[in-house]
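First comes the structure, then the notes that go with it.
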Amino acid sequence: MITSDILRAKYLKFFKTKNHAVIEGKSLIPDNDPTVLFTTAGMHPLVPYLLGEPHPAGKRLVDYQKCIRTGDIDSVGDNSHLTCFEMLGNWSLGDYFKKESIAWSWEFLTDPEWLALDPRLLSVTVFAGDENAPRDEESASVWRSLGMPEDRIAWLGADDNWWAAGPTGPCGPDTEIFYWVGDGLPPPGSNKGTDPEHWMEIWNNVFMEYNRIDAQTLKKLPAQNVDTGMGLERTITVLQGKKSVYETEIFQDIIRAIGEAAHYTYGTDAGKDMSVRIIADHTRASVFILGDQKGVLPGNVGAAYVLRRLIRRSVRHGRKLGITKPFLAPIAEVVINRFEHAYNELAQNRAKILEELPREEERFLETLQKGEAEFEKLLPNLLKNPQKVMSGRLAFRLYDTFGFPIEITEELAREHGLTVNKEEFDEAFKKHQELSRANSANVFKGGLADHSEMTTKYHTATHLLHKALRIVLGEHVAQKGSNITAERLRFDFSHPAPMTPEEIKRVEEIVNEQIARDLPVTMEMMPLEEAKKAGAIALFGEKYDPVVKVYTIGDFSKEVCGGPHVERTGVLGHFVIQKEQSSSAGVRRIRAVLEPHN
Ligand code: SER
């Protein structure tokens with residue numbers, strides 16, 4: 001049986017034989033793209049290179065990339081949709097184009113040495129052309145030359161065969177490859193155009209030679225690029241002869257663990273199976289987000305909010321299976337064990353994942369209990385309502401005061417033969433959102449953003465200063481106090497004598513050198529002991545949580561700290577020590593400022 005581990009390895013190996021450099025997949029949180037919360041496709045981290053920047057590894061690249069897509073969240077649990085998936089990808093940055101790209105895909109899929117899929121079970125789509133770009137005759141003729149029968153080639157429009165990562169950016173026509181998921185052999189004339197339900201997409205080859213500037217403007221890119229994405233889970237489904245991604249080896253341990261938690265045998269009740277699959281997908285997604293290099297925690301905005309929703313939705317489906325206690329940690333552990341060899345960061349962040357996931361779960365269970373108790377109190381009155389309708393106002397109060405999700409209110413109401421006035425709820429919800437948005441807009445106008453930006457900079461500057469002092473004065477230097485405002489930093493540290501002017505100058509120089517190097521600042525969560533072993537500076541005698549945040553500034557400093565910090569030292573400006581004086585016996589005090597770069 002070809003497992004997902006084997007498929008990943010084969011893919012990289014195949015494209016290595018075609019002179020591709022293997023590059024590492026990236027974080028789930030995109031680097032420079034404010035338009036998306038997550039990396040949604042393998043090409044995301046490569047956007048700058050598709051737009052023309054040279055890639056250090058060359059013009060032919062191959063990798064595997066973890067992705068999160070929440071657009072289809074309501075389809076999760078069917079045969080093919082997941083919020084968290086892996087994409088295998090190969091790229092040409094202005095190197096090969098349609099002919100090689102299509103021929104290699106075909107070779108990899110059908111050659112007995114590689115995946116050995118039956119060519120009779122494959123079909124393709126090509127771009128039919130529109131006002132932006134011509135009909136893709138070239139791709140079609142490459143397919144024909146490889147033996148693809150005419151009736152397995154579907155010509156489709158931009159809705160199907162034009163690929164773009166977002167409203168702007170690199171894009172182009174694509175050709176997609178499908179596998180037959182009906183019974184027996186596909187009948188003559190069957191393809192994605194004529195018989196869409198029976199074909200599952202497994203690979204997409206995008207010919208990116210355009211850049212969308214805005215809704216009206218499409219420009220040719222300087223080079224003709226190729227971006228391909230093969231869905232790992234879907235391809236494994238095909239290779240293992242399954243009808244659903246959840247039936248593959250990838251999910252078996254996870255599904256078994258959920259079954260154990262629920263005392264339920266998977267495959268005996270369609271409704272419950274759906275909940276099991278949703279929990280399997282969402283827990284996997286939550287583990288990957290929590291365990292990401294960039295360290296996201298559940299919260300109320302952006303990626304943090306998606307994470308919160310995924311965890312809470314898992315809990316809700318757990319309740320549908322009759323689970324009322326925390327149950328996600330052992331399942332998360334199974335996920336980590338299953339994927340840590342391919343995604344090292346999961347192993348590195350194991351402690352954090354296993355702490356934060358149950359924490360959010362418990363928080364939500366508490367919310368549910370409070371809300372349920374409140375609902376019980378309301379119930380006698382609700383039941384007196386002749387229409388058996390609960391007002392949206394009341395449902396909103398449960399949400400607003402107790403954080404009780406509307407879906408659960410509706411669920412409870414249903415159990416007692418009641419319905420909820422959803423329109424009224426939506427109205428109250430919208431009004432509430434508008435109010436809070438207006439409020440936060442005002443706060444930021446008042447300069448809070450500027451204020452916090454400066455203090456964040458001083459936080460990072462303090463780490464640089466601390467390390468520089470240890471380099472210049474010696475390892476006996478330890479932080480005795482720190483005080484930061486938007487105007488300056490103040491740092492107290494152990495040292496027996498006043499600093500000489502040369503020492504002060506040297507410390508300033510070292511800090512400014514690190515700023516000039518524009519070092520990245522990264523954060524990892526780990527057990528305190530591990531942090532100390534990794535050489536992180538931690539304050540002696542300070543009380544820490546068992547799992548701490550460690551901030552690393554390039555190769556220069558590593559310190560246990562609550563943050564926040566800037567992302568790169570380059571933004572700090574020019575560091576100047578204004579004063580060095582005695583603070584108390586054996587303790588010196590430095591006052592320093594950051595001046596804008598000239
Ligand atoms: N970007 C394309 C996709 O995600 C091909 O990699 O399908």
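- Among residue pairs with one or both ends in residues 88-100, those qualifying as salt bridge (charged side-chain N to carboxylate O under 4.0 Å, His left out) are Arg60-Asp95, Lys98-Asp136; sequence neighbours excluded.
- Residues satisfying the ring-ring contact (aromatic ring centres under 6.0 Å, His included) criterion with Tyr96, sequence neighbours excluded, are His20, Trp104.
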Handout entry: Working for salt bridge (charged side-chain N to carboxylate O under 4.0 Å, His left out), residues Glu407 and Arg414
Key = CA-CA 10 Å; Glu407 298 85 357; Arg414 228 180 354 258; over 6 Å; no
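- Smallest separation of non-hydrogen atoms from Ile353 and Ala332: CG2-CB, 4.4 Å.
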Only pairs under 3.5 Å count here: list side-chain donor-acceptor contacts from residues 235-245, not counting sequence neighbours, and write none if there are none.
residue, atom, partner, partner atom, Å
Thr235, OG1, Gly231, O, 2.8
Thr237, OG1, Glu233, O, 2.7
Gln240, OE1, Glu249, N, 3.0
Gln240, NE2, Ile2, O, 2.9
Gln240, NE2, Glu249, OE1, 3.0
Ser244, OG, Tyr246, N, 3.0

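- Salt bridge Lys352/Glu355: absent, no basic N to carboxylate O contact under 4.0 Å.
- Within the structure, ring-ring contact (aromatic ring centres under 6.0 Å, His included) contacts touching residues 50-73 (residues at least two apart or in different chains) are Tyr49-His55, Tyr64-Tyr343.
- When every heavy atom of Leu146 is checked against every heavy atom of Ala103, the shortest pair comes out as CD1-CA, 3.9 Å.
- Listed for the Thr39 side chain is a donor-acceptor partner under 3.5 Å among the backbone atoms of Leu28.
- Sorted by first then second residue, the salt bridge (charged side-chain N to carboxylate O under 4.0 Å, His left out) pairs that include residues 256-278, not counting sequence neighbours, are Asp253-Arg256.
- Side chain of Glu567 to backbone of Val521: no donor-acceptor contact under 3.5 angstrom is found.
- Partners of Tyr264 by ring-ring contact (aromatic ring centres under 6.0 Å, His included), not counting sequence neighbours: none found.
- The environment of CD in Glu411 is crowded: more than 12 heavy-atom neighbours from other residues, nucleotides or ligands sit within 6.0 Å.
- A 4.5 Å side-chain heavy-atom check between Leu109 and Ile177 finds at least one atom pair inside the cut-off.
- Across every non-hydrogen atom of Pro186 and Leu121, the tightest pair is CD-CD2, 3.6 Å.
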Indicate every side-chain donor-acceptor pair of residues 214-223 with a distance under 3.5 Å to a residue at least two apart or in another chain.
residue, atom, partner, partner atom, Å
Asp214, OD1, Gln216, N, 2.8
Asp214, OD1, Thr217, N, 2.9
Asp214, OD1, Thr217, OG1, 2.7
Asp214, OD2, Thr217, OG1, 3.2
Lys220, NZ, Glu209, OE1, 3.1

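- Looking at every heavy atom in both residues, Ser139 comes nearest to Phe207 through OG-CE1, 3.4 Å.
- Between Leu297 and Leu307, the closest heavy-atom pair is C-CD2, 3.7 Å.
- Scanning all heavy atoms of the two residues, the minimum distance from Met274 to Gly77 falls at SD-O, 3.5 Å.
- Below 30°, between 30° and 60°, or above 60°: for Phe14 and Trp114 the angle between ring planes is above 60°, a perpendicular geometry.
- Scanning for ring-ring contact (aromatic ring centres under 6.0 Å, His included) contacts around Tyr399 gives Phe396, Phe429, with sequence neighbours left out.
- Between Tyr11 and Trp203, the ring-plane angle classifies as tilted under the 30° and 60° cut-offs.
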Practice task
Please lay out, stage by stage, how Arg120 and Asp118 fare under the test salt bridge (charged side-chain N to carboxylate O under 4.0 Å, His left out).
Solution key: CA-CA 5 Å; Arg120 292 174 304 173; Asp118 184 343; 2.9 Å; yes
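- The side chain to side chain contact (heavy atoms under 4.5 Å, CB included) with Leu122 is formed by just one residue from the set Trp106, Trp199, Trp180; it is Trp106.
- Residue pairs that meet the salt bridge (charged side-chain N to carboxylate O under 4.0 Å, His left out) test with at least one member in residues 342-351, sequence neighbours left out, are Lys66-Glu345, Glu333-Arg350, Glu340-Arg350.
- Note that CD of Glu356 and CG of Asn349 are 11.0 Å apart. Values are rounded to the nearest 0.5 Å.
- Listed by first and then second residue, the salt bridge (charged side-chain N to carboxylate O under 4.0 Å, His left out) pairs involving residues 148-157 are Arg144-Glu150 (not counting sequence neighbours).
- Between Phe127 and Trp162, the distance separating the two ring centers is shorter than 6.0 angstrom.
- Here Asn161 pairs with Thr125, Asp174 under the side-chain hydrogen bond (donor to acceptor under 3.5 Å, both in side chains) rule; sequence neighbours left out.
- Side chains of Asn225 and Ser92: no donor on one and acceptor on the other come within 3.5 Å.
- Using a 4.0 Å cut-off between a side-chain N of Lys or Arg and a carboxylate O of Asp or Glu, Lys192 and Glu201 do not qualify as a salt bridge.
- Under the 3.5 Å distance criterion, the side-chain polar atoms of Ser105 are matched with a main-chain donor or acceptor of Ser101.
- Residues satisfying the side-chain hydrogen bond (donor to acceptor under 3.5 Å, both in side chains) criterion with Ser80, sequence neighbours excluded, are absent altogether.
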